[in-house]
Structure formats: C-alpha cells, structure tokens
Amino acid sequence: MRHPYEKLVRMELAAIASVILFGVIALIQGFLLFILLSFYLLAFSLLCEAMLLWQTGNSPDAGKQGLRAVLLFIFTTYLFFHL
C-alpha cells in the first residue's frame, strides 16, 4: 500500500533533481533559459511542498511556502520578459 502523499513527494523530488541538473548546465554553459527554467522548477517544488503541508494540516507553513512559490514565479516571469 502506498502512502497517500507519495505522488506529491515524488513530484517535489523530481523537480529538485531537475533544478540541480539544469542549474549545473546553466552554470557551465551560461544559458539564460536554463537559469529561468531552474527558477520555475524551484517554484513548482515549493508549491508541491505547500500542497503537502496543506494536506497534512499544517496550514500556516503551507501558506508561507505557497506565498514563496508565487513570489518566485512572479519574479522569474518578470525577469523572463525584461531580459
């Protein structure tokens, strides 16, 4: 039997692993697109953690993580259109 939140944990870990991969490639090659993709994946990871915290009943921490994810998404989108 699987844990009820296993899907969210797997999505969060996959996003973090992708951030590490794209971040290293961006540092080596200097591609701006990979840097922005890393920020978007990091925001997705934070959002997954917020949903996980929300479902486990820890709503104040879920709200903080969700707000961090939204702010990172907005900041990254701003950088995308202004660079």
Side-chain angles (χ1 to χ4, degrees):
M1 186 167 142
R2 291 188 172 185
H3 194 272
Y5 309 121
E6 183 178 350
K7 186 176 182 180
L8 285 172
V9 172
R10 283 187 182 197
M11 288 190 320
E12 180 183 8
L13 290 176
I16 290 172
S18 299
V19 166
I20 292 170
L21 176 70
F22 287 127
V24 168
I25 291 172
L27 284 174
I28 293 171
Q29 298 292 326
F31 292 143
L32 183 63
L33 184 63
F34 282 166
I35 294 170
L36 294 174
L37 182 63
S38 295
F39 280 137
Y40 280 126
L41 286 170
L42 188 61
F44 178 72
S45 171
L46 288 172
L47 189 64
C48 287
E49 185 175 357
M51 290 189 303
L52 185 64
L53 288 169
W54 182 269
Q55 289 182 354
T56 56
N58 196 353
S59 37
D61 287 336
K64 287 191 292 188
Q65 287 295 81
L67 183 62
R68 286 180 187 134
V70 168
L71 289 175
L72 186 61
F73 179 81
I74 290 170
F75 177 70
T76 305
T77 303
Y78 175 79
L79 286 176
F80 179 73
F81 286 117
H82 283 88
L83 291 180

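Values in this document were obtained by computation on a predicted structure and should not be read as measured data.
- Following chains of ILVMFWY side-chain contacts shorter than 4.5 Å, one cannot reach L53 starting from M51, and the two form parts of different hydrophobic clusters.
- Interatomic distance, K7 NZ to C48 SG, rounded to the nearest 0.5 Å: 10.5 Å.
- Linking Ile, Leu, Val, Met, Phe, Trp and Tyr residues whenever their side-chain heavy atoms come within less than 4.5 Å leaves L41 and M11 in two separate clusters.
- Counting only heavy atoms from C-beta outward, the side chains of Q55 and Y5 approach each other to under 4.5 Å.
- No continuous path of hydrophobic side-chain contacts links I16 to L8 [ILVMFWY only; heavy atoms under 4.5 Å].
- The shortest heavy-atom contact between S38 and G23 is OG-N, 3.4 Å.
- Considering all non-hydrogen atoms of both residues, G66 and A50 come closest at N-CB, 3.5 Å.
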Please tabulate, for side-chain N and O atoms in residues 68-83, each donor-acceptor pair with protein atoms closer than 3.5 Å (sequence neighbours left out).
residue: R68; atom: NH1; partner: Q65; partner atom: OE1; Å: 2.3
residue: T76; atom: OG1; partner: L72; partner atom: O; Å: 2.7
residue: T77; atom: OG1; partner: Y40; partner atom: OH; Å: 2.9
residue: T77; atom: OG1; partner: F73; partner atom: O; Å: 2.8
residue: H82; atom: ND1; partner: Y78; partner atom: O; Å: 3.1

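- When the side chains of ILVMFWY residues are joined at heavy-atom separations under 4.5 Å, either directly or via intervening members, L27 and F22 end up in two distinct hydrophobic clusters.
- With sequence neighbours excluded, the residues that form a side chain to side chain contact (heavy atoms under 4.5 Å, CB included) with V9 are L13, L52.
- Residue pairs meeting the ring-ring contact (aromatic ring centres under 6.0 Å, His included) criterion with at least one member in residues 42-71, sequence neighbours excluded, do not occur.
- Taken together through direct or relayed side-chain contacts under 4.5 Å among Ile, Leu, Val, Met, Phe, Trp and Tyr, L21 and L37 form part of one hydrophobic cluster.
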